[in-house]
S.K.: 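Before we start, here is the structure in question, set down as structure tokens.
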Amino acid sequence: MPSWIRAVILPLLGLLLSLPAGADVKARSCGEVRQAYGAKGFSLADIPYQEIAGEHLRICPQEYTCCTTEMEDKLSQQSKLEFENLVEETSHFVRTTFVSRHKKFDEFFRELLENAEKSLNDMFVRTYGMLYMQNSEVFQDLFTELKRYYTGGNVNLEEMLNDFWARLLERMFQLINPQYHFSEDYLECVSKYTDQLKPFGDVPRKLKIQVTRAFIAARTFVQGLTVGREVANRVSKVSPTPGCIRALMKMLYCPYCRGLPTVRPCNNYCLNVMKGCLANQADLDTEWNLFIDAMLLVAERLEGPFNIESVMDPIDVKISEAIMNMQENSMQVSAKVFQGCGQPKPAPALRSARSAPENFNTRFRPYNPEERPTTAAGTSLDRLVTDIKEKLKLSKKVWSALPYTICKDESVTAGTSNEEECWNGHSKARYLPEIMNDGLTNQINNPEVDVDITRPDTFIRQQIMALRVMTNKLKNAYNGNDVNFQDTSDESSGSGSGSGCMDDVCPTEFEFVSTEAPPVDPDRREVDSSAAQRGHSLLSWCLTGVVLALQRLSR
């Protein structure tokens, strides 16, 4: 064979022998990668037509590749964006649960208060007319303070309710004693004996127990829905670390660089990457589950003894019953007040000639607790809370389940049934490393993600603390205690707004002691004639309206 022929043939034979078995021109083409890369919206100017040497790659295997440096950078950024979207989409259910249920509960509660206030106002206007309207601020202030408490205002429910009954007693005391003139100082003395005199019977005590524990539970529950919503929204917006971004790129787009754009990651490979990237989110799970459990306990209270609906709907009837009790006990109440506060000065002849009717024995019919309104929220409280409870139960363990939920997505991984034909980070083959456990400390040996277990995510730790604080509030609300007013020196004492005591075990009020308040000089400041006329109007207000109230209740 001529020497020039050997010089040409032998190098060609050596090149052919050096090619891998089965290698051909088609296998080295980047046509499929170009098509997949272009479908992502990237320019095809960066991608070669055939594989090139891969020494320039920083993340993917440095073998023959279809990726340039520019491609690897763009695909790395793409993997980051897709991961962020995956986490946000996967947590969509829990976020919408708290957003929608918070909205429904808040609408229901606000309308419940508005309906209760409107019902009382309508009933008292029909019953007492202008006489009620001239003194309606006492009741308006009650509902204003209840609304302010619900929206997070610094209101001590017990003190506020005590003040309401004291103010009502001052007004009523003038009604039942129109023959006397009372100065402001005298009326202040009268109000000090609201609890001891029990002028309104047992209504204030029972109503205080019911209102405080129901409002505490309702406000804390809606605050819990708010905290759950905020935590879910914040945690679902992840900021992957550089180590996580490298692992994501290697898992999602290094198959492109190897000329395998249609090969998806192995399921277990995906789990290790996601557990490394979402290690801090998984650590949120313990406190999140405790928070959900506490929410469910308060929800049960709202369905049972702390049902705000059964408290607010008949509140107008209960206040009317208290007014009747005051009228029936007027002589005894007046005598004890005169004993403790001093004998008041007689009013002008015009007022002293008037006296209360002797017969006033009409009774309101008992309230039926099954008569509950349907509000704009579309349901009664029981049905609304039942719906919320079902959704809350589904949101447990949501953060530790994120890797599993993401890796189940058929658009992300090859699935568990295709373990041999999936991308394992290096080639199309089975993924062999074991799956890591959940949480930050368990990622110390994660084979896919470089995780610094000594540096917990500060942002996630803030969310854990927010959940812990809210869980403690919920536990207090479950026991009927308002954490904002609780005596921290003795948490078990139940002091503060809403002790949670039941009707038959609450401490009884002190007996009236005449020496507790200083006597008032009966010769103090006179009341002008217009005040005397208002006293007459108030008397009529108290004593004339039961018929119209009965008309309302008999509907």
Side-chain angles (χ1 to χ4, degrees), residues 95 97-117 139-164 207-235 287-288 290-292 294-299 301-302 306-309 311-312 315 375-377 381 384-385 388 392 462-488 491 494-500:
R95 288 185 289 113
T97 290
F98 279 90
V99 170
S100 62
R101 270 55 191 182
H102 174 273
K103 183 174 183 293
K104 284 187 176 182
F105 189 89
D106 186 60
E107 286 177 353
F108 181 93
F109 195 95
R110 289 175 185 271
E111 185 171 347
L112 189 65
L113 287 180
E114 290 173 3
N115 287 346
E117 183 174 14
F139 303 93
Q140 291 171 354
D141 290 348
L142 169 66
F143 283 96
T144 297
E145 289 299 285
L146 289 175
K147 292 174 185 176
R148 192 163 74 88
Y149 173 83
Y150 170 71
T151 55
N154 188 26
V155 178
N156 187 313
L157 286 175
E158 288 191 1
E159 291 180 1
M160 183 271 293
L161 289 169
N162 290 340
D163 182 62
F164 165 75
L207 196 61
K208 180 165 64 175
I209 294 169
Q210 294 167 350
V211 168
T212 51
R213 66 189 187 183
F215 266 78
I216 289 166
R219 180 174 85 160
T220 309
F221 191 72
V222 80
Q223 286 179 343
L225 291 173
T226 301
V227 170
R229 178 190 66 192
E230 293 175 351
V231 169
N233 283 335
R234 291 167 181 169
V235 175
E287 203 62 51
W288 175 267
L290 292 173
F291 160 71
I292 296 296
M295 286 287 290
L296 292 172
L297 286 174
V298 175
R301 289 294 207 201
L302 288 172
F306 297 0
N307 190 310
I308 189 67
E309 195 173 13
V311 172
M312 293 308 298
I315 196 169
T375 73
L381 181 64
L384 177 60
V385 172
I388 295 175
L392 289 176
Q462 290 173 347
Q463 308 315 307
I464 290 175
M465 184 56 65
L467 290 172
R468 189 169 297 162
V469 170
M470 192 66 243
T471 299
N472 287 333
K473 287 187 177 182
L474 289 163
K475 289 178 179 178
N476 276 285
Y478 176 78
N479 293 318
N481 298 324
D482 195 337
V483 68
N484 293 341
F485 297 104
Q486 194 173 17
D487 184 357
T488 55
E491 294 186 1
S495 60
S497 179
S499 64

S.K.: Shortest non-hydrogen contact from A477 to A217?
M.R.: CB-CA, 4.2 Å
S.K.: Taking side chain to side chain contact (heavy atoms under 4.5 Å, CB included) as the test, write out the residues that go with E117, two or more places apart.
M.R.: Q140, F143, K147
S.K.: Can you name the salt bridge (Lys or Arg N to Asp or Glu O under 4.0 Å) partners of R229, sequence neighbours left out?
M.R.: none
S.K.: Check for a donor-acceptor pair, side chain of N479 on one end and backbone N or O of N481 on the other, with a separation under 3.5 Å.
M.R.: no
S.K.: Please report the shortest heavy-atom distance between V227 and A466, naming the atom on each side.
M.R.: CG1-O, 4.2 Å
S.K.: Starting at CZ of F291, measure out to CG of L296 and round the result to the nearest 0.5 Å.
M.R.: 9.5 Å
S.K.: Take L381 and N307 through the side-chain contact (heavy atoms from CB on, under 4.5 Å) test and state the conclusion after the steps.
M.R.: CA-CA 8 Å; L381 181 64; N307 190 310; 3.4 Å; yes
S.K.: Quick one: CZ on F108 to CD1 on I308, what's the gap to the nearest 0.5 Å?
M.R.: 9.5 Å
S.K.: In the structure I gave you, are the side-chain heavy atoms of R219 and D482 within less than 4.5 Å of one another anywhere?
M.R.: yes
S.K.: Of all the heavy-atom pairs spanning L113 and F215, show the shortest one and how long it is.
M.R.: CD2-CZ, 3.4 Å
S.K.: Would you mind checking if K104 and E107 are paired as a salt bridge, meaning a charged N to carboxylate O distance below 4.0 Å?
M.R.: no
S.K.: Starting at NZ of K473, measure out to CD of Q223 and round the result to the nearest 0.5 Å.
M.R.: 5.0 Å
S.K.: Can you find a heavy atom in the side chain of W288 that is under 4.5 Å from one in the side chain of V231?
M.R.: yes
S.K.: Is there side-chain contact between M160 and D141, with heavy atoms separated by less than 4.5 Å?
M.R.: no
S.K.: Applying side chain to side chain contact (heavy atoms under 4.5 Å, CB included), can you list everything that pairs with F164, at least two apart in sequence or on another chain?
M.R.: V138, F139, L142, L168, I319
S.K.: Does the side chain of V311 reach to within under 4.5 Å of the side chain of I315, using non-hydrogen atoms?
M.R.: no
S.K.: Using the side-chain contact (heavy atoms from CB on, under 4.5 Å) rule, take L157 and Y149 through it: C-alpha gap first, then chi angles, then the decisive distance, then the call.
M.R.: CA-CA 8 Å; L157 286 175; Y149 173 83; 3.7 Å; yes
S.K.: About how many Å separate NZ of K208 and CD of E159, when rounded to the nearest 0.5 Å?
M.R.: 10.0 Å
S.K.: Examine R213 relative to F306 and say whether NZ or CZ is less than 6.0 Å from the centre of the six-membered ring and inside a 45° cone about the ring axis.
M.R.: no
S.K.: Determine whether the aromatic ring centres of F105 and F98 lie less than 6.0 Å apart.
M.R.: no
S.K.: With a 4.5 Å heavy-atom cut-off, do Y478 and L474 have their side chains touching?
M.R.: no
S.K.: Looking at T151 and R148, would you say the former's side chain and the latter's main chain have a donor-acceptor pair under 3.5 Å?
M.R.: yes
S.K.: Just by modelled atom types, is the L225 backbone N or O under 3.5 Å from a matching donor or acceptor in the R101 side chain?
M.R.: no
S.K.: Search all heavy atoms of L302 against all heavy atoms of A218 and return the closest pair with its distance.
M.R.: CD2-N, 3.9 Å
S.K.: Can you sort out the partners of R110 under salt bridge (Lys or Arg N to Asp or Glu O under 4.0 Å), two or more places apart, ordered by chain and number?
M.R.: D106
S.K.: If you round to the nearest 0.5 Å, how far is OG1 of T220 from NZ of K475?
M.R.: 14.0 Å
S.K.: Any donor and acceptor pair, going by atom type alone, linking the side chain of N162 with main-chain N or O of E158 inside 3.5 Å?
M.R.: yes
S.K.: First locate atom OG1 of T226, then atom NE2 of H102, and finally report the distance between them rounded to the nearest 0.5 Å.
M.R.: 3.0 Å
S.K.: Test side-chain contact (heavy atoms from CB on, under 4.5 Å) on L161 and E145; report intermediate values, then the result.
M.R.: CA-CA 9 Å; L161 289 169; E145 289 299 285; over 6 Å; no
S.K.: Checking A299 now: which residues fulfil side chain to side chain contact (heavy atoms under 4.5 Å, CB included) with it, not counting sequence neighbours?
M.R.: F221, V385, K389
S.K.: Quick one: closest heavy-atom pair of A116 and M312, and the distance?
M.R.: CB-O, 3.5 Å
S.K.: Using side chain to side chain contact (heavy atoms under 4.5 Å, CB included) as the criterion, list what pairs up with E287, not counting sequence neighbours.
M.R.: L290, I464, L467, R468, T471
